[in-house]
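Reviewing the structure listed below.
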Amino acid sequence: MSIPLLSTLIFFPVLGGLSLLIVPRQQTATIRLMALFVSLVELLLTLPVVLLFDKTTARMQFTELHPWISTLNINYSLGIDGISILFLLLTALITLLSVLVSWEAIHDKVQEFFVALLLLEGAMMGVFCALDFFLFYIFWEAMLIPMFLIIGIWGGPNRIYATVKFFLYTLVGSLLMLVGIILLYQNGGHTFDILKLAGQNYSLKLQLILFWAFFAAFAVKVPMWPVHTWLPDAHTEAPAAGSVILAGVLIKMGAYGFLRFSLPILPEATQQMLVPMLVLSVIAIVYGAIICLAQTDLKRLIAYSSVSHMGFVTLGLFALNQRGLEGAILQMINHGVVTGALFLAIGMIYERTHTREISAYGGLATTMPVFAGFFLLFTLAAVGLPGTNGFIGEFLILLGGFERAPWAAVVAASGLILGAWYMLWLYQRIFFNEVSTSLHGLTQLNLREILTLTPMVVLIFWIGLYPNALLGFLHVSVGHLLDQVNGVGLAGPVLPPVNLP
Amino acid sequence: MDAIPGEYLGILLLLIFGILFGVLTLFVGRFFRLSRPYREKLIAYESGNEPTAAPRMRFSVKFYLIAILFVVFDVECIYLYPWAVSYDRLGLFALVEMLLFIALLLVGYVYAWKKGVLQWEK
Amino acid sequence: MIATVAVNWAAVEPILPELLLITIGVLLIGCDLFLPRQRQLLPWLTVIGCLTALAMILGSRPTVAFGGMFLADGYAMVFKTICLGSVILSVLMSEHFCRVIGLRQGEYYSLMLFSLVGMLLMASAGDLMVLYLGLELMALPIYALVGLHKREQRTSEAAIKYFLMGSFGSALLLFGMSMVYGLTGTTEIARIAELIGSRQLVANPALLAGLGLLLAGFCFKVAVAPFHLWTPDVYEGAPTIVTAFMSVGPKAAGFAIFGRVLFVGLPELHGHWGPVLAVLALLTMAVGNITALCQQSLKRMLAYSAIAHAGYALLGLLAGTAEGMAATMTYLMVYLFMNIGAFAILMLLATPDAPCESIDDCKGLASRNPVAAALMLVFLFSLTGIPPTGGFIGKFYLLKAAFIAGYPLTVVGAVLFSAISAFFYLRVVRFMYMEAPQQTATLQFSPGMRAALGLCLLGVLGLGLFPGSLLNWTVSAFSGM
Amino acid sequence: MIPLSWYMALAAILFCIGVCGFLTRRNVIIMFLSIELMLNGVNLNLVALSHFMDSVRGQAFTFFIITVAAAEAAIGLGIAIALYRSRRSVHVDTINHLKG
Amino acid sequence: MNILLTLVWLLILFAVVMLHVAYATYFERKIIGHMQVRLGPMRVGWHGLLQPIADGIKSFFKEDIIPENADKPTFLAAPIICLVAMMTSLAVLPFAKGWVLADIDIGLLFIFAMSSLASYGVVLAGWASNSKYSFLGGLRSMAQVISYEISMGLSLVGVMLMAGSLNLSEIVEAQGDSFLGMYLMPQCIGFFVFFISMLAETNRVPFDLPEAETELVSGYCTEYSGMRYAIFFMAEYIGMMVMASIATICFLGGWNGPFAVPFFPPLWFVLKVYLFMFLFIWIRATLPRYRYDQLMDLGWKLLIPLALVNIVLTACLKALIS
């Protein structure tokens, strides 16, 4: 492999973003077009990765290894397995959509916005590619800066509170993880290499300390109950593109962190902490759903629904079996697609009405029928209707969860019902009922908007009807991961992967 | 008395003697001399007028500058004296070093001069 | 008769950079006095001199000169580079700033150079005497620099406070030195360690008292709590350019002697000074970061942040390991760029009518001048310690060193305070990007200012992305000590 | 001969008086004088030690301290004058424009 | 040395010096009188010979006035400080070979120290009197003394370079007993600087600004009277004598003369000292007073550079010759 594909994926958007700085500030049209071009090319660049990916092995692929800071034994080490490749795709797609949705929504400081967005994309790519813990941390933290700015500068009225809260929550968590990394470095043979760190036997006490240090960073990011409170604020205040990226990629990183670090490196601690984690997940599912019922703000409702959905994800993760893990990963992608799509849609309607109050809407189905159609589809996917992607993920998670802890699956299933309740109720309040007076004369969706939403529809059905397209990437890697976790002797039947149509 | 090196004994004695002389002449004299103080005699002399204003008035800042300059220049001497005394033993290197030292001192001196510190009245 | 001692001129070679700088300092005084019209050349002359000295220092071989009094080793080289860097950057910026605030004294540059020579001596000090002389040679011009701007009322107040506290710190230091001298009979730092070992003085109470006084004195010099009380006032009162300079150069030089004395002179007492410094470091971070939270003046906030950063830098020192000291050096190197950079933006805000030192003056900077705002953003995130800036690398290295040396709780504390610090740094970012501007004056970049800001940005990002060679350098520098 | 400990005790006493003076007095000049007192404590210590240990370093050190103290005095007085000109006082309690 | 012997020496020295002081005033008045074509004191004794005794008795019995606003302890101490400082410097002066009370190695340094100490007496007197004239006089005196102290100190570095010692006896011996050995010739610049500084240090005309009668009404001692005033006076005359002795020792070869005097070795020394005393008086009778700014200019702008040049020249020449 002569072309460093992963490095290209990381640095192409960074350089592209920086090249926007050359354009004079006033030429916003040029800037937008350039940003679109960069993100489109980035998406295309993921294609060779996907095509060349070898699904039959759990080894890291497309690896790149260069010494970086030799004094500390830190390497510039990249590589992906079946788990990360999906996130690369998701990231590229979501960023492209964000560029599109920001086309007219951002009027002020356009240049800065798109620079921040593209830098953010580079950092996100880096997080999913990094195989060196230190490198991972750098990308992990580097994401904070553009996200902080995106929410803080282009967000809603309460944006400053939201963005500072977001930043501080994340930073505290990350810093504790940093201490954990140092501790791991000290005890893991003075290396930051994730693969080398995984193979070692740490004492249980050390593992537990490390587990909680990592938990601090990842749980905040996911966000797990009870450290989720930054998410509704950040979601609500962020501009549409910010919300999409937050929901689509950023909060997946917490779960990705659990997958990549906590599980393989700290298997014993993971098993020790299984029950608390499951309990937290279930609480998040039910709590998030119940809170959703009480929301009057559109974006806030979606935000709490994210808490609930991410509860499913962590439930699947800590089910620690093939189905649960695969379901969790799939659900992350699904959630990224669906919630991203919902935020996109909300962003479009918000541009027209400039309100997020649910009560201000009503009867939208008659004024904007095309939009209503798209939104209905997204709602159903979020609810998990069979045939949409949401169903597959949640089904697998519940299946896995039932094997591990039936009580958890049962309670979680009730979350599904609540989910259907609040989503459908929301749909009813917005699109049916009386036509609200303020909603007369709204323009229909334009071509750009329709083009933005169409890929999401395609994705929803594609994954929903042919999940193996994605699950195929996962089987081997997840199996390998489970071997690592279970290698220390967790009793449990190793079931063959479920083959769905 | 062993604690004091012999040569300094004379100095110490002379010191004590001086103090005794001063104090004794003044003290003994008290029994012989007149003492008839009255107010006019005791007020500060101001050419016969009533003293006006506080005598310890603010004075020219020049005095401070002179004092500061003195401190700096005088202390430089503590390097010149030992050097001068042991010049024979130190050799050429010390001469060059001291020339540099004096040159630096001169720089400070020229600086002060150009800045008008040495000018008593502008 | 004159003794015909063969004059060994080669003995002077190691101090040639210092001599060069002194010559240039004198030359600057001369230019200022006799060629007042050519005054705009002074900063460039200074920069050229510093660059030459830097080249000479980097090109020199490690030597021991003057019977062990002057050590031109790698350790000294790193610190000298930092100090020279601080002077070069400040001098590049000063023309602009001095014009804005109307500071017209030509002595400014020569004082800067003399202070620099003091710092270089401190970095190279192999003997307590040289150490003390360097310290004072560094401090005396700075007292004057702080008070140089006579039209401004606050400067003389800042100067007198700095002067009194600085002298008091020196006196404490000296008494500690005299006690160490009394016990060991030498002032040569390397010999002190040997004699402590051979005379078994480790538990001697007098030595411990001396150590305490030394620590107090050093802490005064690098502004470590609870000896930091002078810092905010002095930093706020001094002209911003001087503040920028003295928050980096002298602090680095202070750490140079701090490290040299503790690591070379008193390594056997690490059991005593390690924990003490750990407590002081935590206290410093607490005081610096928490007090900075409630500041309205950006300058004062940066002053408190400087205190907090002294606390971080102490982490490497207290580790007592080679890696720790290397980490401190690395951190100071990064700190040079990020702190001077932040102060540079503060200087850009100033106008002849108003000093513009309040946080409110940053409001809307992104609209007024996006470049300045972006630079400030980078510097502030670096000060917070967010990757991919140099500040993160430095902090990470420090935390790692202290952690591995066995101070995990101190490290956790440092991490938490670091999170707190994000709050007040972010406040500035917030004001710059998320508020409407209050001022309308356009910012002007002089060529020197451009160069300095470019260097700072390069330093912060370059060290953040490619810290490898710096780390190698500091590690090898320390092991050569 | 007077034993070394006497000198050292005197030096320590001088130093402590200086410290107390510095911490309690509020006049800038007197604070400065207290510092000088501390320095003289150090000087006494060094000279006595140097004499008793037959090592010349202490005396050389004292030389430097004296010089530096003179330079310090020069700068300190200069600053004090500047301060007095702007404030009409050298009392620490009136020097309070900087706080926060 | 035995304490008793020292004490005897000391008493003799003291008596001689006191006599000297008393008659120095007499000679001053007489000489100035004759120079100004008048007679000077004539009433007490033959040609007024007993005048100093009468003055002494008078000041002893005069009323002692302490101004009401004076800072009393300081006011009382000031004259004694002056006297003690000056008297103590006497101890290190070698009047002849071996005729010295304290033959210390740092003689010259000691003299400087003591002459600085004396200026404390002056400035304290000015301050303690709490009178404007005294205050100004004290200040001026201080500024003047410290200014000229630098040039004086620097002017003697040449001598130290040549003699290689600070011990006064050794300085004398280094000059040898021939006329050509005296440092007057090689150190002529130094001598010039020293001589002027000496006049200024002792507050003599033309540098008597601190006690200028016509400007400051006696300056720092305006408020002093009676015995206290007399003590200041004594200190001043002892100071003159000490300075003259230093000049003699450092530049005129000390006790050495054309031939040895059998019974009174210090003869040459005394003669040389009196030569200087005469010069002091002669100058007083002849020259007008300097203005204060001229005085400072002279000290700072002429004497100090001259002294530095002298040092450099001496050191370089010495290096060349050897």
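Numbers restart at 1 for each chain; the letters A, B, ... are given by sequence-line order, proteins then strands. Predicted model only: the values in this text are computed from it and were never measured.
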Heavy-atom distances under 4.5 Å only: say whether [X] touches chain C with side chain, backbone, both or neither.
{"X": "A:Tyr76", "result": "neither"}
{"X": "A:Phe148", "result": "both"}
{"X": "A:Leu168", "result": "side chain"}
{"X": "A:Leu183", "result": "both"}

In Å, rounded to the nearest 0.5 Å, how long is the span from [atom1] of [X] to [atom2] of [Y]?
{"X": "C:Phe396", "Y": "A:Glu141", "atom1": "CZ", "atom2": "CD", "value": "12.0 Å"}
{"X": "C:Ile420", "Y": "A:Leu175", "atom1": "CD1", "atom2": "CG", "value": "11.0 Å"}
{"X": "C:Arg430", "Y": "A:Arg159", "atom1": "CZ", "atom2": "CZ", "value": "10.5 Å"}
{"X": "A:Ile182", "Y": "C:Leu399", "atom1": "CD1", "atom2": "CG", "value": "5.0 Å"}

* Do side-chain atoms of A:Trp68 reach the backbone of C:Leu465 as a donor and acceptor pair under 3.5 angstrom? -> yes
* **Flag if over 12 foreign heavy atoms under 6.0 Å of CD, A:Gln186** => yes
* Asked: Has C:Phe445 got more than 12 heavy atoms of other residues, nucleotides or ligands less than 6.0 Å from its CZ?
  -> yes
* To do: Kindly indicate whether the side chain of A:Phe167, heavy atoms from C-beta on, has any atom under 4.5 Å from the side chain of C:Phe423.
  => no
* Asked: Would you say the side chain of A:Tyr185 lies within less than 4.5 Å of the side chain of C:Phe403, judging by non-hydrogen atoms?
  -> no
* Considering only heavy atoms and a distance below 4.5 Å, find which of A:Ile153, A:Leu21, A:Leu178 pairs most often with chain C. => A:Ile153
* Which one, A:Leu149, A:Thr163, A:Ile181, A:Leu72, leads in non-hydrogen pairs under 4.5 Å with chain C? -> A:Leu72
* **side-chain contact (heavy atoms from CB on, under 4.5 Å) between C:Ile386 and A:Leu171, intermediate numbers included** => CA-CA 9 Å; C:Ile386 307 278; A:Leu171 185 68; 3.5 Å; yes
* To do: Output the option from C:Tyr397, C:Phe381, C:Tyr433 having the highest count of non-hydrogen pairs under 4.5 Å with chain A.
  => C:Phe381
* Asked: When only pairs under 4.5 Å are counted, which of C:Val412, C:Leu426, C:Asn472 shares the most heavy-atom pairs with chain A?
  -> C:Leu426
* **side-chain contact (heavy atoms from CB on, under 4.5 Å) between C:Arg427 and A:Val164, intermediate numbers included** => CA-CA 9 Å; C:Arg427 193 152 68 120; A:Val164 171; over 6 Å; no
* Would you mind telling me which of A:Gln111, A:Lys109, A:Glu112 makes a side chain to side chain contact (heavy atoms under 4.5 Å, CB included) with C:Pro370? => A:Glu112
* To do: Any chance you could lay out the side-chain contact (heavy atoms from CB on, under 4.5 Å) test for C:Ile404 and A:His190, step after step, and finish with the verdict?
  => CA-CA 11 Å; C:Ile404 290 182; A:His190 291 253; 4.2 Å; yes
* Asked: Please walk me through it: do A:Phe134 and C:Ile393 pass side-chain contact (heavy atoms from CB on, under 4.5 Å)?
  -> CA-CA 10 Å; A:Phe134 188 80; C:Ile393 300 285; 3.7 Å; yes
